[in-house]
Number of protein chains: 2
Amino acid sequence: MTKVHAYAALDATTPLQAHVIERRDLKPTDIQIEILYSGVCHSDLHQARSEWGPAIYPLVPGHEIVGRVTAVGEQVSRFKVGDLAGVGCMVDSCQHCDSCAEGLEQYCENGATWTYNSRERDTKLPTHGGYSTDIVVTEGFAVHVPETLDIRGVAPLLCAGITMFSPLNHWKIGKGHRVAIVGLGGLGHMGIKLAVAMGADVTLFTTSQGKADDAIRLGAHHVVFSTDRDAMKAARGSFDFIISTVPSGHDLNPYLMTLKRDGQLVIVGALEPVGLSGMPLVGQRRSVAGSNIGGIAETQQMLDFCAEHGIVADVEMIRMQDINEAYERMLKNDVKYRFVIDMAAYRAEQESAAD
Amino acid sequence: MTKVHAYAALDATTPLQAHVIERRDLKPTDIQIEILYSGVCHSDLHQARSEWGPAIYPLVPGHEIVGRVTAVGEQVSRFKVGDLAGVGCMVDSCQHCDSCAEGLEQYCENGATWTYNSRERDTKLPTHGGYSTDIVVTEGFAVHVPETLDIRGVAPLLCAGITMFSPLNHWKIGKGHRVAIVGLGGLGHMGIKLAVAMGADVTLFTTSQGKADDAIRLGAHHVVFSTDRDAMKAARGSFDFIISTVPSGHDLNPYLMTLKRDGQLVIVGALEPVGLSGMPLVGQRRSVAGSNIGGIAETQQMLDFCAEHGIVADVEMIRMQDINEAYERMLKNDVKYRFVIDMAAYRAEQESAAD
């Protein structure tokens with residue numbers, strides 16, 4: 001075991017603080033990654049505060065991880081020391097169920113092993129995420145990060161990016177499709193960039209003029225204010241595909257009415273009860289589905305797509321020590337559009353302090 | 001115009017009563033049908049009582065119509081006098097929108113013309129349904145009824161049958177699929193027969209031992225009592241496809257949890273708010289869709305399929321004069337599984353009285 005510097009929640013109410021954790025020794029198929037950048041996802045906050053079921057403390061959040069490989073196990077074939085590597089929301093899965101066999105590890109029938117707030121399959125030791133200087137992960141759950149992209153903006157692709165890419169990819173969205181994104185945050189801004197790059201005609205549903213302006217800057221072709229009844233009525237029957245990034249329960253019916261016949265609305269944020277009536281579905285054979293991040297192969301596909309189209313997230317860099325303030329700002333939606341922690345700087349500070 | 005005998009609701013509260021209505025003169029593409037049997041659908045009752053928005057009175061319900069062609073317009077090419085013909089929920093549509101072009105007249109973007117409680121596109125006169133001795137309809141909205149089937153049991157196929165056939169057909173259900181039907185009534189019993197004939201492994205969700213026994217008699221392979229928590233838990237992740245025939249708002253979440261990854265639940269009954277949380281959708285990329293009857297070509301396909309497999313509805317024949325009692329029994333689910341009015345007998349009585 002190797003001791004590494006991290007930031008952890010020690011319980012549900014205390015702010016995150018500096019903490020030393022242990023990383024496992026390298027197994028033959030493992031790679032070790034020196035973390036350079038770690039994105040801050042809304043679910044980090046939820047889990048640090050034990051809002052998604054009892055958390056495992058100390059809890060080191062972070063599942064948008066980019067870094068450089070510093071060591072490889074003897075059987076590792078896909079990575080070498082010095083490679084850029086990324087780790088997203090998962091670090092393992094059963095590898096033998098139907099979902100794993102199809103490369104859909106996120107839907108593993110025996111439950112994926114999440115990057116933090118989860119337990120390793122063999123040792124049952126808690127997993128720890130990217131708010132740390134180093135991580136050890138089996139190479140099968142790491143992805144190659146294109147050297148051509150600004151890697152600070154790549155970190156959020158590992159969760160926010162793949163969460164939006166996967167439904168667009170699964171439902172084969174592209175040229176000729178009219179797509180709408182509900183909400184402009186970490187997920188929504190990636191949805192606009194990705195859907196535009198896929199060739200779709202893209203609309204943002206929002207309630208804010210500031211977000212409307214930003215959406216156009218990000219490449220969206222149209223904006224509809226969801227509070228404007230006339231605009232919502234005029235939008236009826238116009239979209240092939242909608243992704244709702246709203247992170248809590250909300251009324252789906254007004255958005256469903258803007259779908260064409262056979263149109264699909266996909267929920268990626270809300271896990272709670274949502275408002276739904278049978279009428280908008282039955283009336284035009286519309287569907288509501290859910291989608292959860294993406295598989296490892298699809299995550300690689302997404303990164304390659306982003307490299308091809310020069311897509312990264314819009315980020316605001318923060319120091320590790322400022323994570324608690326960042327959480328408070330995140331709760332007020334005061335971020336454009338993802339906080340990314342400069343883990344390289346944090347490592348340097350720790351090393352310098354140790355001298 | 002021709003006067004014909006019918007039963008009509010004159011307002012929202014008075015029981016249905018004998019009434020004389022006028023049928024239009026035969027247009028070049030029209031056929032006239034002497035109605036032999038008319039099925040009784042739950043929506044007849046809803047609309048007769050003005051429960052689905054303001055009804056057009058006098059209202060003659062009935063959209064499960066089987067009869068014999070008694071006259072054809074000069075341009076009619078698909079029917080001749082003496083043919084068995086069926087009319088379902090629609091008698092016209094715009095014929096030029098995308099949905100109509102694809103044979104999905106039920107989703108006509110300009111609104112289909114319903115068989116009753118609707119208005120003719122040209123004259124704006126009210127349409128009148130199958131609780132009448134004769135109907136005049138454009139041949140494009142009539143279907144051929146196979147002579148080999150018991151036509152009393154064919155009438156309910158025109159609404160209940162196609163309502164279940166269309167989603168099974170659209171989502172390509174067949175051999176190797178595990179299908180569940182929620183609820184055993186007019187729709188549910190057709191769902192079991194059709195899904196079994198398509199080669200699926202079929203389960204009924206019910207709360208009643210009597211329905212469970214009936215489901216097996218109708219060909220279902222399994223029954224799950226939705227009130228049995230252990231049984232519902234054991235059924236998790238087992239179905240590819242579920243059709244919920246529940247006619248009012250209900251909680252979808254327990255049924256969704258029994259779907260496999262990428263499984264689909266289709267609502268055909270409930271138009272009201274239903275219970276739905278994001279979690280069961282997001283967790284395994286499940287979907288909820290709606291489906292409304294079927295197009296005219298698909299209705300013909302369904303009848304041909306039923307002829308090939310010897311499928312008709314289980315019916316209880318009633319006299320036209322007993323419709324109000326039938327409605328009361330229908331409200332108590334006291335029907336196995338569809339009332340069908342003997343319109344041939346009613347015609348004979350009217351003719352004999354006129355002598």
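Note on naming: letters A, B, ... go to the chains in the order of the sequence lines (proteins, then strands), and numbering restarts at 1 for each one. FYI, side chains are in, hydrogens and waters are out, and symmetry mates aren't considered; it's all heavy atoms of this structure.
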* **Which atom of Trp171(B) lies closest to which atom of Ser287(A), heavy atoms considered** => CZ2-OG, 4.5 Å
* Highest number of heavy-atom pairs under 4.5 Å with chain A: which of Pro167(B), Ala270(B), Ser166(B)? -> Ala270(B)
* **Between CZ on residue Arg261(B) and SG on residue Cys108(A), distance to nearest 0.5 Å** => 10.5 Å
* Asked: With only heavy atoms counted, which part of Asp262(A) is less than 4.5 Å from chain B, the side chain, the backbone, both or neither?
  -> side chain
* **Segment of Leu104(A) engaging chain B (4.5 angstrom heavy-atom cut-off)** => side chain
* Residue Glu272(B) versus chain A: region with a heavy atom under 4.5 Å -> backbone
* **Nearest heavy atoms of Ile267(B) and Val282(A), plus distance in Å** => O-CG2, 3.5 Å
* To do: Output the distance between atom NZ (Lys260(B)) and atom CG (Asp98(A)), rounded to the nearest 0.5 Å.
  => 8.0 Å
* Structure fact -> When the 4.5 angstrom heavy-atom criterion is applied to Glu109(A) and chain B, the contacting part is neither
* From CG (Asn292(A)) to CE (Met279(B)), nearest 0.5 Å -> 9.0 Å
* Asked: Based on non-hydrogen pairs under 4.5 Å, which of Arg286(A), His170(A), Gln106(A), Gln264(A) is most in contact with chain B?
  -> His170(A)
* To do: Could you pull out the closest heavy-atom pair between Arg285(B) and Tyr107(A), with the gap in Å?
  => CB-OH, 3.5 Å
* Asked: Hey, which residues of residues 231-242 of chain B are touching chain A, say heavy atoms under 4.5 Å apart?
  -> none
